[in-house]
Amino acid sequence: QVQLVESGGGLVQSGGSLRLSCAASGSIIRINNMGWYRQAPGKERELVAVINSDGTNNYLGSVMGRFAASRDNAKNTVSLQMDNLRPEDTAVYYCKAGGVRTHWGRAERDFWGQGTQVTVSS
């Protein structure tokens, strides 16, 4: 069993900052990549940031320069520092662990957190 728990969402004014955190737990051997996705009302889920197994990052173009992801492999955690937030950043943010190898599983698979709401007011 693998569980991902997010925290840090909330309501912030435009231009403000929030920091999201996610912790993965369970019988984990290895996590290939960890990252963040978001889904706004009426829109499809989109990738925000991902940290690859080699430590390199990929970001959604509209958040580059404003958001920064970080990962602690020893703790199986990932964070997302969000600065200069805009109303269009309003969404439910989901933590994802990709390519997870477990003690009991033969194949790698992805796991998702329950999501945390981020609301940015004008």
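Looking at W36 and C95, their side chains come closer than 4.5 Å, going by heavy atoms from C-beta outward. In this structure, M34 and I51 have side chains that are not in contact, with every pair of non-hydrogen atoms separated by 4.5 Å or more. At least one side-chain heavy atom of Y94 sits less than 4.5 Å from a side-chain heavy atom of R45. The side-chain heavy atoms of L85 and Q13, taken from C-beta on, include no pair separated by under 4.5 Å.
The structure places CG of N57 at 8.5 Å from OG of S70, a figure rounded to the nearest 0.5 Å. Rounding to the nearest 0.5 Å places CZ of R101 at 10.5 Å from OG of S27. We find the CZ-OG distance between F67 and S62 to be 7.5 Å, quoted to the nearest 0.5 Å. Atoms NZ and CG, on K96 and L47 in that order, are 7.5 Å from each other to the nearest 0.5 Å. One finds the OH atom of Y37 at 11.0 Å from the CG atom of L60 (value rounded to the nearest 0.5 Å).
By the salt bridge (Lys or Arg N to Asp or Glu O under 4.0 Å) test, R38 pairs with E46, D89, sequence neighbours left out. Remark: N52 pairs with T56, N58 by the side chain to side chain donor-acceptor pair (under 3.5 Å) rule, at least two apart or across chains. Evaluation of the salt bridge (Lys or Arg N to Asp or Glu O under 4.0 Å) rule for R30 yields E108 as partners, not counting sequence neighbours.
At least one donor-acceptor pair under 3.5 Å links the side chain of E6 to the backbone N or O of Q114. A donor-acceptor pair under 3.5 Å links the side-chain atoms of R66 to the main chain of N84, judged by distance alone. The closest donor-acceptor contact from the side chain of T77 to the backbone of A23 lies at 3.5 Å or more, if one exists at all.
Of all non-hydrogen atoms in T90 and V120, the two that sit nearest each other are OG1-N, 2.9 Å. The nearest pair of heavy atoms linking G105 to T102 is N-OG1, 2.9 Å.
Side chains of S79 and Q81: no donor on one and acceptor on the other come within 3.5 Å.
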